[in-house]
Amino acid sequence: MGKGARDHTARERIKAQREAERKQEQRRRVATIATVGVVALAAIGAGWWYAASRSAPETIAQSLAPVTVQADGTAVMAKPGVTKPVVDVYEDFQCPACRQLELTTGSTLKNLAAEGKVKVVFHPITIFPEQLNNGITRGNSVRAGAALRCVSDGGQWLALHDKLFKEQPSEGTEGFKLPDIVAWGKDVGVTSPDFESCVTSQKHLQAHLDYGAKVKIGATPTLKLDGKEVDNPVAFDPAALRELVTNAGK
Amino acid sequence: MSPPSLRVRSAIPWVTVAARLGLAGVMIVAGWLKIETPALSVEAVRAYELLPESLATAVGYGLPILEIVIGVLLVVGLLTRISGIISALLMLAFVVGIASAWARGLRIDCGCFGTGGALEAWEEPDYLGTILRDIGLVILGVWIAWFPPGRFALDSALGLTPSRADGVEEENEEDEEKV
């Protein structure tokens, strides 16, 4: 074997060895990247699941506590004799976050009231000013709020209340049209004979606006427990809200 | 190699690390403020009126944790390139969403930092400012993807960077020696 040939095989061997090392290094790198990637994805998945499960609404377990419509247009939902703790819900039928609150923890409040653990007071108000979206948003809100004042039976009131949130229009387009509200009222079983004329004439429009001006609430939704504002992370978390209210009642 | 370009090249990893920290800071704060109220995060996504309800819900729940995880990866410099790409795409999606909300005359808060997409009655949306900020963040993401991983990166410590340029150069040098 000549010197050239020996050099050649040595060089081949080194080359093969280097190739193997490189392959091994490559495998290690891929394994590390895959591990980190899987851990990151698992963290995202776990966080997603946690967020979703934390926001999952309670199912309504039993028949609702009686609802009484007050003279000022608010409605009280409580078992007879339950006077505290008091949760006040200030809400605007056109406000998307209020709809979200209704979807997320509305059933928690209904259940707690049915369990006799809380007295809930609903305060429908209009938060949107005239200068917003050329008054479209405010108009929607006022029609809905005034119309609900046409219902005097508590159970029917709550049914239409829930229906209005369910049918909430986009903030920028005209919605909550009077004939629609009349139809929804009939859908959910409103029986007052003057319901249609009351909604159509917006009989209680001024009373609704006056009440909103009186309560001086800066943003909706506002949830108060015994007069103290509840922070959003709790207000929008069924389990946390249940715990807060239950503890307040002890 | 001329000295100025050498200086520029040695500055690149420092720029990358600054970009990583800046982008990560914004993402972690944004994710953190949203994650404590997932229902409002969903509402913020819904406010754009771009996604169907079920998808908006999934995105609303997933976005805050995604921002935090990508932010953490950027801080420690792990999977730097892919994190840069994902954050740039994310910011680009925000730019598109905000521009579209603006064009459609929606009047919403961007929901970027966890306010649920609804404005207080007296607030005016600052669409242009938000878009410019997010474009800046897209640029940071692209820079990171282009020049990863920068200084102080776990990618380097773990040998996860094949370091295209360096690796190729080394091999070339060795080949040259052999010849």
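By convention in this document, chain letters (A, B, ...) are assigned in the order of the sequence lines, proteins followed by strands, and residues within each chain are numbered from 1. Note that the structure is a prediction, hence the values are computed from the model and not measured.
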- Message: Working to the nearest 0.5 angstrom, can you tell me the gap between A:Thr104 OG1 and B:Leu40 CG?
- Response: 8.0 Å
- Message: Using a 4.5 Å heavy-atom cutoff, which residues in residues 71-78 of chain B come close to chain A?
- Response: B:Leu73, B:Leu78
- State whether A:Arg99 and B:Glu53 are salt-bridged, where the test is any N-O pair (Lys NZ or Arg NE/NH1/NH2 against Asp/Glu carboxylate O) under 4.0 Å. yes
- Region of B:Arg104 in contact with chain A, defined by heavy-atom distances below 4.5 Å: neither
- What are the two closest heavy atoms between A:Gly47 and B:Ile65, and how far apart are they? CA-CG1, 3.8 Å
- Message: Measuring from atom CD1 of B:Ile68 to atom CD1 of A:Ile44, what distance do you get when rounded to the nearest 0.5 angstrom?
- Response: 10.5 Å
- Item | Main-chain N/O of B:Ala58 paired to A:Trp48 side chain as donor or acceptor, under 3.5 Å | yes
- Would you give the length of the straight line joining atom CG of B:Leu106 to atom CD of A:Glu171, rounded to the nearest 0.5 angstrom? 8.5 Å
- Message: Let's test your reading of the structure: which of A:Gly45, A:Ser170, A:Ala46 forms the most heavy-atom pairs below 4.5 Å with chain B?
- Response: A:Ser170
- Mark yes when over 12 heavy atoms from residues, nucleotides or ligands other than A:Gln24 sit less than 6.0 Å from its CD; otherwise mark no. no
- Task: Against chain B, work out which of A:Ala235, A:Cys95, A:Gly37, A:Ala52 has the most heavy-atom pairs shorter than 4.5 Å and name it.
- Result: A:Ala52
- Item | Residues in salt bridge (Lys or Arg N to Asp or Glu O under 4.0 Å) contact with B:Glu67, at least two apart in sequence or another chain | B:Lys34
- Sort B:Leu79 into side chain, backbone, both or neither according to what part of it lies under 4.5 angstrom from a heavy atom of chain A. side chain
- Counting only heavy atoms closer than 4.5 Å, note whether A:Thr105 contacts chain B via side chain, backbone, both or neither. neither
- Who pairs with A:Glu130 by salt bridge (Lys or Arg N to Asp or Glu O under 4.0 Å), at least two apart in sequence or on another chain? A:Arg138
- Item | Closest non-hydrogen atom pair, B:Ala39 against A:Ser55 | N-OG, 3.8 Å
- Could I get the full list of salt bridge (Lys or Arg N to Asp or Glu O under 4.0 Å) partners for A:Asp237, not counting sequence neighbours? A:Arg54
- Message: Let me confirm one number: the CZ-CD distance from A:Phe236 to B:Glu43, rounded to the nearest 0.5 Å.
- Response: 8.0 Å
- Note on the structure: The interface call for A:Glu25 against chain B, heavy-atom contacts under 4.5 Å, is side chain
